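Here is the structure we will look at, set down as structure tokens.
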Amino acid sequence: MTLYVLYTSKVTSVRARVALSPLVLVIVGSTLTMLAGLGQPGLASGALKRLTFGSSVRGTTLRAVRLGDPNATRKALVVGSIHGDETEGHEIVRALRRSHRDTPAVQLWVVRTVNPDGVNAGTRKNARGVDLNRNFSYRWRGDAPPSSGYYPGPHPFSEPESRAVRRLARRLDPQVTIWYHQPWGQVLLPCHGPARKQKRYARIARLPVKRCRGERLRGTATSWQNHHLPGTAFVVELPGGELPNSAARRHARAAAKVARSGAGQRKLQSSRAVRAAAAGRRPSAVRARLQRPPIDRDPIPYGHKQMAAYSARHYGRRRWRLRHPRVIVLHFTAGPSYRSAWETFASNTPNLGELPGACSHFVIEERGRIHRLVRPSIRCRHTIGLNHRSIGVEMVQEAGRGSHWADRQILQRHRQIHAALHLVGWLKQRFGIKMRDIIGHAMADDSPYFKDLEGWHNDHTDWLRRDVRTFRRRLERLLRR
């Protein structure tokens, strides 16, 4: 129960009129939720129990309710429905509010529905006939007519409900978001990656999992969140029909456990974490350890003696092993496919009149698949002046209308940039590489590790400094999850 205390000189109540001077008025419950005020700057979310984050087309207020620990830094969001005719998720929200209100170590925010007009009418879409789960900006496309059940609206975020969700998600910045739909009866997994949170939910809730289903739908809430925010958003498709109470309780338990601890893996605290806790510093200063992402081995023919001779000419020592890499260099292929990149590197064609030819340690396809062409313990000729100290990561992307345009295309391609962030983050932690030494090819000559005895310099413009800054910011968020 929450107590709100007001100090005033006089108050008029609906039930009674009382005048005190001075008066201390105590109101029990959530009656003064509006005084917590959504939209009042400077109020910490831990001070709120209810949060009004917008309204529907017909003016129905959209509210989130906070369960769990109000002082926890970890946050999670559970949404009962976005389609008005898929409402069994409301039972899970009700079970969470009834049985998991004291979930420790997390602020667990629950929303019954973000489409109250659709729920009242029993229709999938909102009051203006828009499918809210096609109205978000990521990969939005307005090719479905208004008569379609999947009409995405006239433009992204055209609807007050989707804009309200955007505000709420940005304000909470949840580590986990769970969206309930019907009637497939599956927990949906991304096409690539371990998806440990989703799999843990499925085990507890006793639902099967399905990869790639719905992954390519346009304008969905989960794809927008996963592209623009650092946490993980996923869909739980409940079976059709009425959800039994026992099943609702299982789902609520699964949501609470995943909200509290994600995939449920215990991470040993580093000495740095212990020192931070002892000093009273925020735990966000401690970085998460990234797992090795899935990597296909697809080696190219490689001339170790040629690389040793090249190193002798340009770095002063005859070496082909890459010991203690200190830099990660981002590239794009300027070619149409991974296969064309592999064939170019495997051909070992002389570059600038010298062997070995150009190569890269890793290449990432547009769909996010990572290939290792050369072991990171071997020097690879990808950047003049840094081949003796750096690992090269290429991303498939045609140059098109200039380097900045190509960089932005990669940054907006969810699966490819997701794979790149996990690969680079894992390499960074494995070799102890500093964030400032994750650079683009265009930045190579300014690196403190740059060295070339022949006086060569780079003239490439792939991965300009401003785009690398964006990449680093996203990587920082990933490492703080």
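Residue numbers count from 1 along this sequence. Please read these numbers as outputs of a predicted model, since none were measured by experiment.
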So, does [X] use its side chain to make a donor-acceptor pair with the main chain of [Y] at under 3.5 Å?
X: T61; Y: S55; answer: no
X: H361; Y: G392; answer: yes
X: Q107; Y: P70; answer: yes
X: E237; Y: Q182; answer: yes
X: D462; Y: D407; answer: no
X: W426; Y: P293; answer: no
X: E88; Y: L243; answer: yes
X: D437; Y: V327; answer: no

Side chains of S246 and R249: do they bring a donor and an acceptor to under 3.5 Å?
no
Regarding R128 and S158, is there a side-chain donor-to-acceptor distance under 3.5 Å anywhere?
no
Closest approach of [X] to [Y] (non-hydrogen atoms, all atoms of both residues):
X: S390; Y: L322; result: O-CD2, 3.4 Å
X: A169; Y: Q225; result: CB-NE2, 4.3 Å
X: C359; Y: I300; result: CB-CD1, 3.9 Å
X: V119; Y: S81; result: CG2-OG, 4.1 Å
X: N135; Y: S162; result: OD1-OG, 2.6 Å
X: R139; Y: R216; result: NH1-O, 3.2 Å

Is [Y] close to [X] at the side-chain level, that is, under 4.5 Å between some pair of heavy atoms?
X: L479; Y: K428; result: yes
X: L217; Y: R134; result: yes
X: P190; Y: Q198; result: yes
X: L373; Y: S360; result: no
X: R415; Y: E215; result: yes
X: F362; Y: I391; result: yes
X: K434; Y: R436; result: yes
X: W463; Y: I439; result: no

To the nearest 0.5 Å, what is the distance between [atom1] ([X]) and [atom2] ([Y])?
X: H422; Y: Q291; atom1: NE2; atom2: CD; value: 10.0 Å
X: L478; Y: L421; atom1: CG; atom2: CG; value: 6.0 Å
X: N115; Y: L132; atom1: CG; atom2: CG; value: 4.5 Å
X: S56; Y: E161; atom1: OG; atom2: CD; value: 5.5 Å

[X] atom [atom1], neighbour heavy-atom count above 12 within 6.0 Å:
X: Y150; atom1: OH; value: no
X: R213; atom1: CZ; value: yes
X: R211; atom1: CZ; value: yes
X: R101; atom1: CZ; value: no

Parallel, tilted or perpendicular, as decided by the 30° and 60° cut-offs, for the rings of Y180 and Y201:
tilted
Would you call the rings of H382 and H331 parallel, tilted or perpendicular, taking 30° and 60° as the class edges?
perpendicular
Salt bridge present between [X] and [Y] (N-O < 4.0 angstrom):
X: R124; Y: E86; value: yes
X: D467; Y: R408; value: yes
X: R260; Y: D69; value: no
X: E476; Y: R473; value: no

Assess the residue pair F234 and L189 against the criterion (side-chain contact (heavy atoms from CB on, under 4.5 Å)); give the C-alpha distance rounded to whole Å, side-chain angles, the decisive distance to 0.1 Å, and a yes or no.
CA-CA 7 Å; F234 65 94; L189 275 58; over 6 Å; no
Checking side-chain contact (heavy atoms from CB on, under 4.5 Å) for the pair L168/V111: CA distance, chi angles, key distance, verdict?
CA-CA 10 Å; L168 179 66; V111 178; 4.0 Å; yes
Start with the C-alpha distance between L51 and R171, add both sets of side-chain angles, then the distance that settles side-chain contact (heavy atoms from CB on, under 4.5 Å), and finish with yes or no.
CA-CA 11 Å; L51 192 109; R171 176 168 181 171; 3.7 Å; yes
Please say whether the positively charged group of R369, taken as NZ for Lys or CZ for Arg, lies over the ring of Y338, i.e. under 6.0 angstrom from the six-membered ring centre and within 45 degrees of the axis.
no
